[in-house]
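Have a look at the structure below, then the notes.
As the structure is a prediction and not an experimental result, all values here were calculated from the model. This chain uses plain numbering: 1 for the first residue, then up along the sequence.
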Amino acid sequence: QVQLVESGGGLVQAGRSLRLSCAVSGRTTFITYSMGWFRQAPGKEREFVAAINWSGSSTYYADSVKGRFTISRDNAKKTGFLQMNSLKPEDTAVYYCAVDTMPRATMNRDDYDYWGQGTQVTVSS
């Protein structure tokens, strides 16, 4: 079975940076999978943050994070990343990584087949 584990979350001051990692394990061909990051604040729906296709040649971002966040991946290490710069208090949420067995990037939550447990990111003002 496929397992995803997020790491790198924590408590930071506004304006600082964090880098989240998503390690993928199990008998899966990660190199052909697209992946994405979503976040969910208390009392709110899980929302799209960023996505990347299998090769890393195409990326997509929510308007709220454009210019501040960067999604990337290392297929050899079966790991995805989300670099978060210039963090704002409104970025506070549990961040989830997910993979889609299809190679094309997608912003649709329902397209993703596997999800991690999430990692908490808290940005103080």
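- A side-chain donor-acceptor contact under 3.5 Å links Glu6 to the backbone of Gln117.
- When all heavy atoms are compared, the tightest approach of Tyr95 to Leu82 is CD2-CD2, 4.1 Å.
- Between Tyr60 and Val49 there is no side-chain heavy-atom pair separated by less than 4.5 Å.
- Between the side chain of Asn75 and the backbone N or O of Lys78, no donor-acceptor pair lies under 3.5 Å.
- Nearest heavy atoms, Thr79 versus Ser21: CG2-CB, 4.3 Å.
- Rounded to the nearest 0.5 angstrom, Tyr33 OH and Asp113 CG are separated by 8.0 Å.
- Relative to the six-membered ring of Tyr96, Arg46 meets both conditions, a distance below 6.0 Å and an angle of at most 45° to the axis.
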Residues Glu90, Thr92; criterion side chain to side chain donor-acceptor pair (under 3.5 Å); working and verdict: CA-CA 5 Å; Glu90 51 262 45; Thr92 296; over 6 Å; no
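- One hydrophobic cluster, built from ILVMFWY side chains closer than 4.5 Å, holds both Trp115 and Phe48.
- A donor-acceptor pair is defined here as one N or O able to donate and one able to accept, closer than 3.5 Å; such a pair exists between the side chain of Arg68 and the backbone of Ser86.
- The shortest heavy-atom contact between Gly118 and Val94 is CA-CG1, 3.8 Å.
- Linking Ile, Leu, Val, Met, Phe, Trp and Tyr whenever their side-chain heavy atoms come within less than 4.5 Å leaves Leu20 and Val5 in two separate clusters.
- The cationic group of Arg19 lies under 6.0 Å from the six-membered ring centre of Phe81 and within 45° of the ring axis, placing it in a cation-pi geometry.
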Starting from the C-alpha separation in whole Å, work towards a yes-or-no answer on side chain to side chain donor-acceptor pair (under 3.5 Å) for Ser34 and Asn53. CA-CA 4 Å; Ser34 61; Asn53 73 335; over 6 Å; no
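- With values rounded to the nearest 0.5 angstrom, Asp100 atom CG is found 9.5 Å from Asn108 atom CG.
- Ring pair Phe38/Tyr112: centre-to-centre distance below 6.0 Å.
- A salt bridge links Lys66 to Asp63: at least one charged side-chain nitrogen sits closer than 4.0 Å to a carboxylate oxygen.
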